[in-house]
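Since the structure comes first, as C-alpha cells, the remarks are kept for the end.
Throughout, a chain's letter reflects where its sequence line sits, starting with A, and its residues are numbered from 1. Note that the structure is predicted; figures quoted are calculated from it, not measured.
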Amino acid sequence: MTLKFYNTLTGHTDEFVSQVSGKVSLYTCGPTVYDSPHVGNWASYIYWDTLVRLLMVNEYEVKRVMNITDVGHLTSDADEGEDKLEKGARREHKTAWEVAKQYTDEFMEGMNELNLIIPQYITKATDYIPDQLNLIKILKDKGFTYQIDDGIYFETSKFPSYADFAHLDLENLKAGARVEYNPEKHSHSDFALWKFTAIGAKRDMEWETPRYLLDNDSEIKMGFPGWAVECSAMALTILGSTIDIHTGGIDHIPVHHTNEIAQSESVTGQKFCNYWLHNDHIKVNGTKISKSIGNGYKLSDLKSKGFTPIDFRMFVLQGNYRNESNFTFEGLQSAKNRLNNWRNISAIRHQINDTTESEEEINHNETTVSLYATPRAIIEALDEDIGTPEALRIIDEAFSRITRTSLNKINKKALIQLLELIDYTLGLKLIENSPDITDDAKRIIIERNAARSQQNWQKADELRDQLLKLGVLLRDTEKDSIWEYLDK
RNA sequence: GGCGCGUUGACGGAACGGUUACGUAGAGGUCUGCAAAACCUUUUAAAUGGGUUCGACUCCCAUACGUGCCUCCA
C-alpha cells in the first residue's frame, strides 16, 4: 500500500515516507478560542481527523499536537492590532481567561460530537510561554531579531528562502498593502515574535518580558507572544526539530506557515516539516463565510434544523479536502439521506444469522467475496490523497450489492467487518447509530409473517402499522421482510 | 494594484485525452396482496469563444463570472 499526499512544499502529490518507520509526527493548527467555530472551521478538523484515521489504518503510530491559540492572535481592526481574546472578553464582559476557557470547552465538545479523535497533545499557547521565550532568545542570539517600540520582530531578510514556500512576491506585497504598518519595521514581511503591551494599557493576559530579550537600554515591559511563535514553540518542543506532517487551512500558507518555517528553521537549522497539507475552504450558499453576512453556521444551528453533527461529517466527506466546496442545507439534507440509507444497510446485520459458509462457499458467493474485498478497496481509495469521494462511491457500490441480495446469502461476519472499517476510517458511527429493534417489535414481525403466510392481509397491515408506531418500517422483498428505521 | 484558484446535469460531487462516476431529489415504467423497496429509463452535464488532436469535460489561449490571499482567518 502506498500513501500519497499533495504536498504544498513540493507542489505535487508525493508518496508519504515518515522519518521513523511506522511512526508519524503530526501538527494541526488548532482554533483560536475567541468565538464559536463555524461549519468551515469544523470541515477542516474533519479532514484532518480523516487523515489521522487513514494513518492509523495504515498502521502508523500517530503522535499529534493540536494547539489552542488562547493568546496573541491579533485582529487588524486598528493600526495597533488587537488581541482576539482580549476583544472577545470586552464583548462578553469577561476576562480573556474566561473567554478562552468557555470556547475551549465548546471546541472540545464539538470535537466529541463530530467524533473527532482527540489528539494526544492539545496544547494551550499560554501553557508554553517559557518555550516561546526560549525560542525567541535563540533567534535573538543568532541575530534574527530586532526590537522596535511595539515589540520584538523577526528580520525576514535574514532568512533568504522566506518567500519560497508560498511563492510570495515580496516587492508587490509591499506595493499592494492596504494597511498601515509600523514604519519602524525593517521590511513589510517582518513579523512580531513578541508584542509589548501598549503603554498605559493593562491586558488580562500578559507576561513580563525577560531582560535577556530586550535591548540593553530598554526598560522592562509587559508583553505577549506573536501568533506564529506559539505554533513553532509547541511543535519543536513536543515533536522535535523536523515533523512529518503539518496541516492547516489554505489561508495559512502565505503568512502563518511561512512564518513558522522561517523562525523554526532559523532556530534549528533543520527542515521544519516534510509534508504540508492544506485544505481549501467551504463556502456557504456560494459566498465566503463571513461574520457580517452571518452565514457562519455553527453546530447548534445545524442541530436546531434537525441535522446531527455526523450528518455534517458525511457532507464534508463527500468532497475532497483540497477542493473548495459549497455548503447548503439542501446539500446537507442530501448527505443526511445518504447516511440514513447507510444506517439501514448497517441494521441488516441484526437480521441475518451467523454464517457457516465453508471456504468453498465463500469463494463462490459473489456478495461475500466482494464484501470481504471492500475494506481493502476503501483504504486504497483513501490512500490516494485522502480520496474520500471515491471511498464513498465504493461503499455505495458494496451496499447496493447487499440491497440486491437476499438476507440468507449475506455473510454476517463480512458485513460487520466492513461496517467496522467504515467507522474506523470515516468516523460515521454506523454501528453505534444502527441499534437493534426491541423484542416487542421482533415479536410483531414474526406475528405478521405468520399472518402473511395465511394471507390474512388485514391483520398483517395492522401489525405493520403497529410497527410504524414503534419507529420500525417494514419492507417486503421477494423472500424477506426487512426492517428499517422510520426516522428519516 | 500584485499573486493565485475555480466554473461539470435540479442539487452535491468524482475520475479520465476516446468506455454509465457516484449520491440526493423529481418524473415515467417494470415487479408486487397492499405499501415500501429494488430494478430500468430520464433527452447533446460539462461558463463562453477559439486552438492543438484522428478524437477534449479532460491539454493550450482569450473572454465572462465567481472566489481566495496580499490584513486576523479553517
Quick one: which protein N/O atoms are closer than 3.5 Å to N/O atoms of nucleotides 6-12 of chain B? Pair and distance per line, please.
from   : atom 1 : to        : atom 2 : distance (Å)
G12(B) : OP1    : Asn326(A) : ND2    : 3.4

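- No engagement by His256(A) is indicated, since no non-hydrogen atom pair under 4.0 Å with the nucleic acid exists.
- Among the heavy atoms of the strands, none lies under 4.0 Å from Thr477(A).
- Listed by first then second residue, pairs satisfying side-chain hydrogen bond (donor to acceptor under 3.5 Å, both in side chains) with a partner in residues 105-116 of chain A read Ser36(A)-Glu106(A), Lys101(A)-Asp105(A), Glu113(A)-Lys303(A), not counting sequence neighbours.
- C16(B) atom C1' lies 14 Å from atom CD of Glu384(A), rounded to whole Å.
- Taking atom NE2 on His257(A) and atom C1' on C69(B), their separation rounds to 14 Å, with Å as the unit.
- Comparing A14(B), U67(B), A38(B) by their closest approach to the side chain of Arg404(A) singles out A38(B).
- Electrostatic pairing of Asp301(A) and Lys298(A) does not count as a salt bridge here, judged by no charged N lying under 4.0 Å from a carboxylate O.
- Residues satisfying the side chain to side chain contact (heavy atoms under 4.5 Å, CB included) test with Asn259(A), not counting sequence neighbours, are Tyr162(A), Phe191(A), Ala228(A), Val255(A).
- Taking a pair as Watson-Crick or G-U wobble with both distances under 3.5 Å, RNA chain B forms stems of 3 or more consecutive pairs at B:1-7 with B:64-70, B:10-12 with B:22-24, B:26-30 with B:38-42, B:47-51 with B:59-63.
- The only option from Asn433(A), Ile431(A), Leu426(A) that meets the side chain to side chain contact (heavy atoms under 4.5 Å, CB included) definition with Lys429(A) turns out to be Asn433(A).
- Computed from coordinates, the Lys4(A) NZ to A15(B) C1' distance equals 15 Å when rounded to whole Å.
- In this structure, Lys4(A) does not pair ionically with Asp383(A), as no charged nitrogen and carboxylate oxygen lie closer than 4.0 Å.
- At the heavy-atom level, Asn323(A) lies under 4.0 Å from the strands shown only through sugar-phosphate atoms.
- A residue-by-residue look at Ser400(A) and Trp42(A) shows that Ser400(A) has its nearest nucleotide of RNA chain B further toward the 5' end.
- Nucleic acid contact for Gly319(A): sugar-phosphate only, since backbone atoms but no base atoms lie under 4.0 Å from a heavy atom of the residue.
- In this structure, Glu384(A) CD and Leu3(A) CG are separated by 9.5 Å, a value rounded to the nearest 0.5 Å.
- A salt bridge does not link Glu462(A) to Lys459(A): none of the charged nitrogens lies less than 4.0 Å from a carboxylate oxygen.
- In this structure, CD1 in Ile348(A) is found 9.0 Å from CG in Asp480(A), a value given to the nearest 0.5 Å.
- Ile282(A) comes within contact range of at least one nucleobase, with a heavy-atom separation under 4.0 Å.
- Listed pair Asn320(A) / G13(B) fails the phosphate criterion, with no side-chain N or O lying under 4.0 Å from OP1 or OP2.
- Between the CG atom of Asn341(A) and the P atom of G23(B) there is a distance of 10 Å, given to the nearest Å.
- Between Thr156(A) and Asp190(A), the side chains place a donor N or O and an acceptor N or O closer than 3.5 Å (distance only, hydrogens not considered).
- For the OP1/OP2 pair of U24(B) and a distance below 4.0 Å, the side-chain nitrogens and oxygens of Asn337(A) include no atom meeting the criterion.
- A gap of 15 Å separates the P atoms of U7(B) and C57(B), to the nearest Å.
- Between Ile445(A) atom CD1 and A35(B) atom P there is a gap of 20 Å when expressed in whole angstrom units.
- Distance, His281(A) NE2 to G66(B) C1': 16 Å, rounded to whole Å.
- Between His188(A) and the phosphate of U71(B), there is a side-chain N or O to OP1/OP2 separation shorter than 4.0 Å.
- G29(B) and G66(B) have their P atoms separated by 43 Å, with the value rounded to a whole Å.
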Test Trp342(A) against Phe399(A) for side-chain contact (heavy atoms from CB on, under 4.5 Å), laying out the working first. CA-CA 8 Å; Trp342(A) 286 19; Phe399(A) 282 1; 3.6 Å; yes
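- Side-chain proximity of Leu473(A) to A36(B), A38(B), A74(B): nearest is A36(B).
- The base of A35(B) is paired with the side chain of Arg464(A) by a donor and an acceptor separated by under 3.5 Å.
- Nucleotides U48(B) and C65(B) have their P atoms positioned 15 Å apart, rounded to a whole Å.
- Atom CG in Leu463(A) sits about 19 Å away from atom P in G33(B), given to the nearest Å.
- Residue Leu474(A) is in base contact, counting any heavy-atom pair closer than 4.0 Å across all strands shown.
- Rounding to whole angstrom units, NZ of residue Lys195(A) and P of U71(B) are separated by 14 Å.
- Of the candidates G33(B), A38(B), A74(B), A74(B) carries the atom nearest the Asn279(A) side chain, counting heavy atoms from C-beta on.
- Residues satisfying the side chain to side chain contact (heavy atoms under 4.5 Å, CB included) criterion with Trp97(A), sequence neighbours excluded, are Thr95(A), Thr126(A), Asp204(A), Met205(A), Trp207(A).
- Comparing A14(B) with U58(B), their C1' atoms are spaced 13 Å from each other, to the whole Å.
- Each of Tyr45(A) and Asp396(A) was matched to the nucleotide of RNA chain B holding its nearest heavy atom; the match closer to the 5' end belongs to Asp396(A).
- Taking a 4.0 Å limit (strictly below) on heavy-atom distances, residues 448-461 of chain A reaches RNA chain B at Arg448(A), Arg452(A), Trp457(A), Asp461(A).
- Side-chain atoms of Asp280(A) and base atoms of C5(B) include no donor and acceptor less than 3.5 Å apart.
- Taking atom C1' in both C3(B) and G12(B), the straight-line distance is 30 Å, to the nearest Å.
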